[in-house]
Amino acid sequence: MDCRTRIAAIGNLISRLVLLADAYVAAVLDRRPLIRVAEDTAAWLGRAWRASAAEARTRRHGPGRGVIAVVITRPTREEDANV
């Protein structure tokens, strides 16, 4: 992954972390056990990083990366080839 793509993924991850901090504050006010919040946070962080990296790659390289294009041309007639 090149530097620009990695920086875009990190920026996207930071924005997701802000949302996670909001969810954490809500969880603390809810009085849920913190170990459950930590487990959810670890699982979410793994999913968020993979999603951020995939989105950054898609924005950088486009959605069709790795797709093989097939071009169909009309066959030339022998008469046209001799002219």
Side-chain angles (χ1 to χ4, degrees):
M1 188 181 320
D2 65 335
C3 186
R4 285 179 46 194
T5 306
R6 189 177 301 259
I7 290 171
I10 290 171
N12 196 354
L13 182 63
I14 289 171
S15 69
R16 291 173 188 241
L17 285 174
V18 170
L19 292 175
L20 181 65
D22 180 52
Y24 176 76
V25 169
V28 169
L29 294 176
D30 241 359
R31 301 281 191 221
R32 288 193 302 178
L34 290 181
I35 191 67
R36 299 289 178 238
V37 174
E39 290 171 349
D40 292 342
T41 301
W44 179 88
L45 191 57
R47 288 190 309 269
W49 171 251
R50 287 188 298 275
S52 297
E55 184 178 334
R57 273 190 231 101
T58 301
R59 287 180 184 268
R60 176 93 169 118
H61 301 291
R65 187 170 189 210
V67 176
I68 298 172
V70 177
V71 178
I72 300 173
T73 58
R74 291 185 179 179
T76 58
R77 296 189 326 200
E78 290 182 27
E79 302 162 357
D80 294 341
N82 293 332
V83 173

Practice problem: Among Ile, Leu, Val, Met, Phe, Trp and Tyr joined by side-chain contacts under 4.5 Å, find the other residues sharing a cluster with Ile7 and list them by chain and number. | Solution: none

Quiz item: Leu13 and Ala48: which non-hydrogen atoms are nearest, and at how many Å?
Solution: CD1-CB, 4.0 Å

Quiz item: Going from CG on Leu17 to CH2 on Trp49, what distance comes out if it is rounded to the nearest 0.5 angstrom?
Solution: 10.5 Å

Quiz prompt | Connected via hydrophobic side-chain network under 4.5 Å: Ile14 and Leu45 | solution = yes

Self-check item: Spacing of CD belonging to Glu55 relative to CZ belonging to Arg50, to within rounding of 0.5 Å
Solution: 15.0 Å

Quiz item: So, for Thr5 and Ala56, which heavy atoms are closest and what is the spacing to 0.1 Å?
Solution: O-CB, 3.5 Å

Practice problem: Report, as yes or no, whether the 6.0 Å neighbourhood of atom CZ on Arg60 holds more than 12 heavy atoms from other residues, nucleotides or ligands. | Solution: yes

